[in-house]
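See below for the structure under consideration.
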Amino acid sequence: MYAEVIFPLKVKSFTYRLQSDMPPDLIGRIVRAPLGNQSLYGIICDVRETLAFEENVPFENINHRISKVKQIISIHEHFGSSTTISLIKWLSEYYISPLGAALSSYPFKEAIKIIEKFRLPNRDAFLANNYYSNNLHNVERDISLLFNAIQDANYKAFLLHSPSSFYQKSFLRNICEKAAANLSGAIFLVPEIMQIDDIANIMKKIFGERVCSIHSKQGNKKRIEVIKGILSGQHDIIVGTRSAILMPLKKISFIAVLNEHSISYKGEEGLRYNGRDVAIMRGFLEGIPVLLSSICPSIESFNNAKNRKYHLLKPSQRLIDMSDIKIKPFSSRRRPDIEIINMYDDENSGLSISKKVLLTAKKCLSANENMLFIVNKKGYSLITCRDCGYIFKCSNCKTPLIFYKKEGFLRCSKCGQEKRAPEGCNICRGMDLMPLGAGTERINEDISKFLNNEAILIEKNTQKLADNDSFIPFIIGRGHHIRRLSESIFKAVAFIDVDLYFLEPNYRANEKLFQEIIHFAELVKPDGCIYLQTRNPKNRILNFIKNYDFSGFYKNELAIRKEIGFPPFSRLILFNIFLKKEIDGDRNEFQRILSQRQEEGIEILGPIELQSLEKSQIHLRFLIKSKDRKRLNQLASSLKEAFNILKGVRVTTDVDPLRF
DNA sequence: AGCACGCCGACT
DNA sequence: GTCGGCGTGCTC
């Protein structure tokens with residue numbers, strides 16, 4: 001008998017010979033096996049009667065290969081549940097990465113450390129003593145009871161379109177209270193670290209010490225401690241960010257993904273999995289319900305609900321009434337008004353803040369109310385020459401340079417190049433330079449100039465408002481830095497330039513704008529107002545937003561996506577290619593391979609050259625796009641293989657990319 | 001020529 | 001992860 005073993009290394013699996021007296025259920029067990037001149041822990045992913053060879057292995061090599069097969073040193077307990085291996089295989093296939101890279105995304109090495117150090121009691125024994133696992137069949141049935149209002153306890157995905165974050169939390173609390181006695185193992189995902197405590201506190205009231213939380217900024221010691229708790233069975237209710245979805249629970253009955261639309265669920269490095277999508281796949285493989293919820297669901301999830309892949313839960317439905325949700329119905333919380341402000345009406349003022357917004361700000365000031373300014377640009381402004389119209393650009397990458405007034409510098413946001421603020425124009429030698437547009441710094445200046453008041457500038461998303469003792473009425477920040485604050489504290493929000501979203505070369509820009517504004521609506525008092533400053537006041541998207549018209553927006557957006565053939569009507573895989581400079585041949589070779597692989601039904605978009613952070617390399621990027629996910633993945637892995645053979649070429653892929 | 005260092009690929 | 005091979009570049 002032979003076993004395929006995956007190690008937590010960025011490589012494929014390896015074959016080992018098995019001894020004759022083996023414990024049952026080999027698949028998923030942790031093993032120790034020789035590799036190179038060391039021995040490593042890995043995990044069995046397959047068991048075979050005979051050796052399998054890849055095709056094209058010449059005869060004379062077979063004996064050599066057989067002689068290389070070594071024996072496993074020792075065999076241990078399972079890692080996670082019986083479906084762990086299936087999920088690892090799926091991750092590896094879907095995200096076009098070696099099996100070992102998928103295993104590396106798990107807390108596997110931590111688990112090994114813990115097992116080695118603490119000699120944990122066998123968890124099977126531990127669970128047998130636990131009250132909630134005494135009767136598996138009953139558990140199974142009770143979980144289906146839990147969700148009887150929703151459906152039977154087999155795999156089933158639900159999409160809750162929640163009217164507010166408060167509703168979302170109440171819904172989750174109620175479900176968990178009702179199911180508490182029957183829940184053995186659950187994972188609750190939130191997009192941001194800040195939101196963990198909120199959910200964890202709700203869960204602690206229900207589950208007490210069984211609750212633990214997991215996130216990437218926890219520090220190794222704490223992380224090991226938590227994972228130890230999970231492995232020993234002490235913790236089985238996990239609240240955390242993205243990586244929590246891969247925690248090795250022996251048994252799991254429920255997964256919930258809060259704010260499922262958040263792009264924070266998508267990884268930026270390593271195996272770039274989407275925590276939400278992995279949650280769905282894990283739920284499917286484990287045979288348990290998965291709840292996705294959001295105050296503004298993603299287009300993909302909405303589409304899945306529309307196609308009956310997910311069951312859509314709307315708070316108004318009878319379904320919800322049956323689950324004892326004791327909170328106000330959808331309509332009873334008034335949302336703030338949204339007003340579109342045509343900046344052409346203010347053309348002559350030369351200001352970036354409209355008269356109406358200034359007036360509102362003054363009112364806030366006299367009424368001791370807070371107001372939030374969303375400014376999606378860094379620094380003070382761009383610099384332009386009044387004589388010839390030249391806009392100062394980076395000499396490296398032609399990106400417009402950003403002027404930082406306080407520092408007296410121009411800086412390139414792409415490559416980081418800096419220079420002193422110029423005295424005159426590079427092109428016409430004119431001396432009449434002028435700021436163009438407005439970033440956070442300039443809006444800050446305008447506020448103190450016109451409103452005679454200080455503002456707080458939020459520059460990190462971890463920064464909290466409560467740090468300040470004295471009342472400061474105005475807060476300025478870039479959209480993605482202002483994250484969930486616990487209360488509706490603002491009387492008004494002003495989006496300085498919503499048009500920036502429409503200029504973004506990202507097919508998801510509309511969706512992003514919609515989601516952000518719905519987000520901010522939660523921070524505004526019900527009698528408050530959100531102002532959208534624009535030069536396209538008739539824009540359809542803005543009008544859907546103004547009316548909180550979700551179904552209109554989704555219908556419109558899906559029609560656009562269908563028209564341009566982008567997700568959810570196709571799948572995308574993004575390729576980053578890093579070429580060592582001075583190897584001209586390789587760039588041609590790269591192009592040759594790419595054009596050679598053109599096939600019917602798969603589009604290749606690009607490549608384009610990006611500004612590389614390292615000067616010694618060229619960074620190219622292209623997308624492949626198809627309606628046929630399987631064929632797209634096949635092409636992607638064959639491209640990856642072909643590029644990897646080339647010398648001085650490094651490739652990374654991003655399946656279902658969200659940022660471009 | 002001889003050695004130090006760093007990158008890359010193999011490991012069953 | 002760890003090791004060894006090999007190419008680069010610096011020194012004696």
Side-chain angles (χ1 to χ4, degrees), chain A residues 1-20 22 26-76 79 85 88-89 92 96-117 220 223-224 227 269-271 576-583 585-586 589-590 612-619 637 640-652:
Chain A
M1 290 246 285
Y2 298 92
E4 282 295 305
V5 175
I6 309 171
F7 296 98
L9 309 173
K10 290 185 171 49
V11 284
K12 63 182 181 81
S13 63
F14 295 91
T15 312
Y16 289 87
R17 208 182 304 280
L18 283 168
Q19 295 90 320
S20 51
M22 283 289 117
L26 286 168
I27 288 175
R29 277 186 190 273
I30 294 167
V31 292
R32 199 180 167 83
L35 187 72
N37 20 13
Q38 52 180 340
S39 78
L40 272 183
Y41 283 100
I43 183 168
I44 297 180
C45 69
D46 268 311
V47 176
R48 292 208 195 85
E49 287 299 323
T50 53
L51 270 179
F53 294 101
E54 300 112 56
E55 282 143 58
N56 315 325
V57 175
F59 258 143
E60 61 269 29
N61 285 353
I62 288 183
N63 274 339
H64 178 236
R65 283 280 309 279
I66 291 174
S67 69
K68 281 211 290 189
V69 175
K70 295 179 184 165
Q71 273 212 345
I72 276 171
I73 296 170
S74 58
I75 193 150
H76 308 266
F79 179 64
I85 292 298
I88 289 174
K89 284 181 177 171
S92 161
I96 321 170
S97 299
L99 286 161
L103 181 61
S104 296
S105 301
Y106 278 75
F108 184 75
K109 278 185 249 167
E110 291 92 325
I112 295 304
K113 231 186 225 173
I114 292 160
I115 290 167
E116 275 202 317
K117 195 169 167 188
N220 208 252
R223 185 175 162 83
I224 293 277
I227 292 166
E269 51 194 15
L271 198 147
N576 283 309
I577 312 284
F578 302 94
L579 296 167
K580 277 222 175 112
K581 264 189 186 158
E582 288 122 30
I583 315 179
D586 275 348
E589 187 67 4
F590 156 77
S612 177
L613 291 171
E614 282 172 57
K615 286 201 167 174
S616 59
Q617 62 180 13
I618 300 170
H619 183 181
S637 56
K640 209 171 178 176
E641 219 171 284
F643 293 144
N644 269 329
I645 292 169
L646 299 177
K647 290 259 177 200
V649 180
R650 204 164 54 82
V651 191
T652 66

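Reckoned from all heavy atoms, side chains included, excluding hydrogens, waters and symmetry mates. Throughout, a chain's letter reflects where its sequence line sits, starting with A, and its residues are numbered from 1.
No donor-acceptor distance shorter than 3.5 angstrom exists from the side chain of A:Tyr41 to the backbone of A:Lys113, with no hydrogens or angles considered. For the pair A:Gln19 (side chain) and A:Ile72 (backbone), a donor-acceptor distance under 3.5 Å is present.
Rounded to whole angstrom, the span from the CD1 atom of A:Ile44 across to the P atom of B:dT12 amounts to 17 Å. Residue A:Leu51 contributes atom CG, which lies 9 Å from atom C1' of B:dT12 at whole-angstrom precision. Atom-to-atom, CG of A:Asp46 to C1' of B:dT12 comes out at 14 Å; the value is rounded to the nearest Å. Taking atom OH on A:Tyr2 and atom C1' on B:dT12, their separation rounds to 12 Å, with Å as the unit. For A:Leu103 and C:dG1, the CG to P distance is 13 Å, given to the nearest whole Å. If you take CG of A:Leu9 and C1' of C:dC3, they are 13 Å apart, rounded to a whole angstrom. Atom NZ in A:Lys10 sits about 19 Å away from atom P in B:dC11, given to the nearest Å. The CZ-P distance, from A:Arg32 to B:dT12, rounds to 16 Å in whole Å.
Here A:Val11 lies in heavy-atom contact (under 4.0 Å) with a base. A:Leu40 comes within contact range of no nucleotide atom at all, as no heavy-atom separation falls under 4.0 Å. Nucleic acid contact for A:Lys68: base, since at least one base atom lies under 4.0 Å from a heavy atom of the residue.
When distances are taken from the side chain of A:Gln38 to each of C:dG1, B:dT12, C:dC3, the shortest belongs to C:dG1.
Side-chain contact between A:Ile75 and A:Ile44 is present, with heavy atoms from C-beta onward closer than 4.5 Å. With a 4.5 Å cut-off on side-chain heavy atoms, A:Phe14 and A:Glu4 do not count as touching.
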